[in-house]
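A quick write-up on the structure given underneath.
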Number of protein chains: 2
Amino acid sequence: MKLSRDRILETAVALADSHGLEAVTMRRLADELGVEAMSLYHHTPNKDAILNGIVDLLFLEIAAELRPTEGTWAQQLRARILTARRVQVRHPWAPALIATRAAPGLPMVTYVDGAIKLMHDGGLSYDLIHHAMHAFGSRIFGFVQELDDNGSGNESMAEMAALLPNLVAMLTEVQHDDPDSTLGWCDDQTEFEFALDLLLDGLARAAEAGAIRN
Amino acid sequence: MKLSRDRILETAVALADSHGLEAVTMRRLADELGVEAMSLYHHTPNKDAILNGIVDLLFLEIAAELRPTEGTWAQQLRARILTARRVQVRHPWAPALIATRAAPGLPMVTYVDGAIKLMHDGGLSYDLIHHAMHAFGSRIFGFVQELDDNGSGNESMAEMAALLPNLVAMLTEVQHDDPDSTLGWCDDQTEFEFALDLLLDGLARAAEAGAIRN
DNA sequence: ACCTGAACACCGTTCAAGT
DNA sequence: ACCTGAACACCGTTCAAGT
């Protein structure tokens, strides 16, 4: 069978599944494909591109398992996140790998865009949604800084608006509220405290409602 | 100045601070100390032990900055966590490094023990505290599986009870509630959903209370 | 006892060469 | 065009040798 980018990525996922992420080296991966390590460079620029590729594959797998659900925005978002988790449990290397990615691929950003749509349709303000994204994991929103990097100006913004309407809508509005520089307009400290207080308030309520000191 | 474990660890922290965690290689670290790479092995078994050591240093730094605070358990815990965050912001490599550690050192576990005490003194049940630890970061509680590894039986448990009374109290009680095997008695799925619902409920309340669709 | 230099078994990647 | 082998500049670590 001919070597191809797809075959490389699929083999890399299988290798990470069976032997862990640290087994995914260029030499071992080539071995698994019955080829020399240097052949891989004919279908991918470097190892980092392969790792980005398998993260894309992961989010495509998540997208394929998403089902429309009934209920409130919270119930729908809950189902969505549990689907993502189910897939990641099948690929235990995923969280650590995602954490090391510099810029997220389109499949991951599309997943986020869908989450934003659920919340916005549910009536949440973009400002609150923005805080929520940070609270669910500051990592999942780490791509914000990159948005200006991969395209120069309005053209790519227009393309992106077609592809990721909810994400772009949120970004433009939140950016408008806080007219500082486009880079670093997320206040990490504020977001950290927002998530912290969400958890603390929830715990306090659980403590009052439920069994105090059982 | 003579080479020593302490000098190695302090230099490793300084190197990670100034040039990132990836700059901390045995050769570079030795260079910084004006010594050959192999000399390091006379004061530490391997690189992993050095990395464990600088995580210990980090939590000792956190401990040194903790101040007794007034207020509810939630306010005290909030202050504690913000202190930990302040120190980690000074050492940006910390979160990623902590995530890779297999077993946490005593300084980190002591930090957790203090957090448990705050909550228990505040009237929270150990069961709720246990959920809370997972919610604040499943990683911070990852050492549970290791508890049986590093000591064989009751002796080390007695020693640990003296050093970490709150942690041991919580573990024995939660373990008693769920008399399955000592290993893996934390249901990851349950803990994940607990944290998820805490966040979703908090967001829903924020959406109802605040500006809906601004 | 502590430190050193050469060496080993790995990495990702470059480069010139093959077909 | 696609693939290969040798080579380079790195890793962590072992081992025999120095003092």
Side-chain angles (χ1 to χ4, degrees), chain A residues 1-58 92-94 96-103 105, chain B residues 1-58 92-94 96-103 105:
Chain A
M1 203 180 345
K2 267 197 63 177
L3 199 55
S4 69
R5 195 185 116 93
D6 283 351
R7 273 192 71 214
I8 292 174
L9 295 184
E10 283 160 22
T11 306
V13 168
L15 192 52
D17 285 346
S18 57
H19 292 87
L21 196 59
E22 73 281 1
V24 181
T25 69
M26 298 303 270
R27 283 168 173 86
R28 173 82 184 263
L29 185 51
D31 238 45
E32 220 79 21
L33 286 156
V35 90
E36 289 299 312
M38 311 318 145
S39 305
L40 303 177
Y41 286 86
H42 261 273
H43 301 88
T44 190
N46 50 38
K47 184 180 179 181
D48 225 51
I50 294 179
L51 296 180
N52 288 335
I54 70 177
V55 171
D56 287 349
L57 237 49
L58 183 89
W93 42 266
L97 179 60
I98 293 171
T100 66
R101 295 304 85 199
Chain B
M1 204 183 342
K2 268 197 63 178
L3 199 54
S4 69
R5 194 184 118 93
D6 284 350
R7 273 192 69 212
I8 292 174
L9 295 183
E10 282 161 22
T11 305
V13 168
L15 192 53
D17 285 345
S18 57
H19 293 86
L21 197 58
E22 74 281 1
V24 182
T25 68
M26 298 302 270
R27 284 167 171 86
R28 174 82 185 263
L29 184 51
D31 238 45
E32 219 80 19
L33 286 155
V35 91
E36 291 298 312
M38 310 319 144
S39 306
L40 303 177
Y41 287 85
H42 260 274
H43 301 89
T44 189
N46 50 39
K47 184 180 180 181
D48 225 50
I50 295 179
L51 296 179
N52 288 336
I54 70 177
V55 171
D56 287 348
L57 239 48
L58 182 89
W93 41 267
L97 179 60
I98 293 172
T100 67
R101 295 304 85 199

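Proteins come first, then strands; the chains are lettered A, B, ... in the order of their sequence lines, and each starts at number 1.
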note = The answer to which of A:Thr25 and B:Lys2 contacts DNA chain C further toward the 5' end, by nearest nucleotide, is B:Lys2

inquiry  = Between B:Leu58 and B:Ile98, is there a side-chain heavy-atom distance shorter than 4.5 Å?
reply    = yes

key: Duplex segments of DNA chain C, taken as runs of at least three Watson-Crick or G-U pairs that stay under 3.5 Å   = C:4-8 with D:12-16, C:12-16 with D:4-8

Heavy-atom pair of closest approach, residues A:Lys47 and A:Thr25 = NZ-CA, 4.3 Å

key: B:Ala49 backbone acceptor or donor facing B:Asn46 side chain under 3.5 Å   = yes

task = Report yes if some heavy atom in the side chain of B:Trp93 is under 4.5 Å from a heavy atom in the side chain of B:Val24; otherwise report no.
result = no

Nucleotide interval of DNA chain C bounded by contacts with chain A (heavy-atom cut-off, under 4.0 Å) = C:dC11 to C:dT14

request  = Could you tell me whether the side chain of A:Arg7 and the main chain of A:Lys2 form a donor-acceptor pair under 3.5 Å?
outcome  = yes

ask   = So, do B:Leu15 and B:Arg28 sit near enough that their side-chain heavy atoms are less than 4.5 Å apart?
value = yes

key: Residue pair A:Leu9 / A:Ile50: nearest heavy atoms and the distance that separates them   = CD2-O, 3.6 Å

note = For A:Ala12 and A:Ile54 the tightest heavy-atom approach is CB-CG2, 3.8 Å

key: Close approaches to DNA chain C from residues 35-45 of chain B, in residue order (heavy atom, under 4.0 Å)   = B:Val35, B:Glu36, B:Met38, B:Ser39, B:His42, B:His43

key: Non-hydrogen atoms of A:Val35 and A:Leu40 that approach each other most closely   = CG1-CD2, 4.5 Å

key: Distance-minimising heavy-atom pair for A:His43 and A:Ser4   = CD2-CA, 3.9 Å

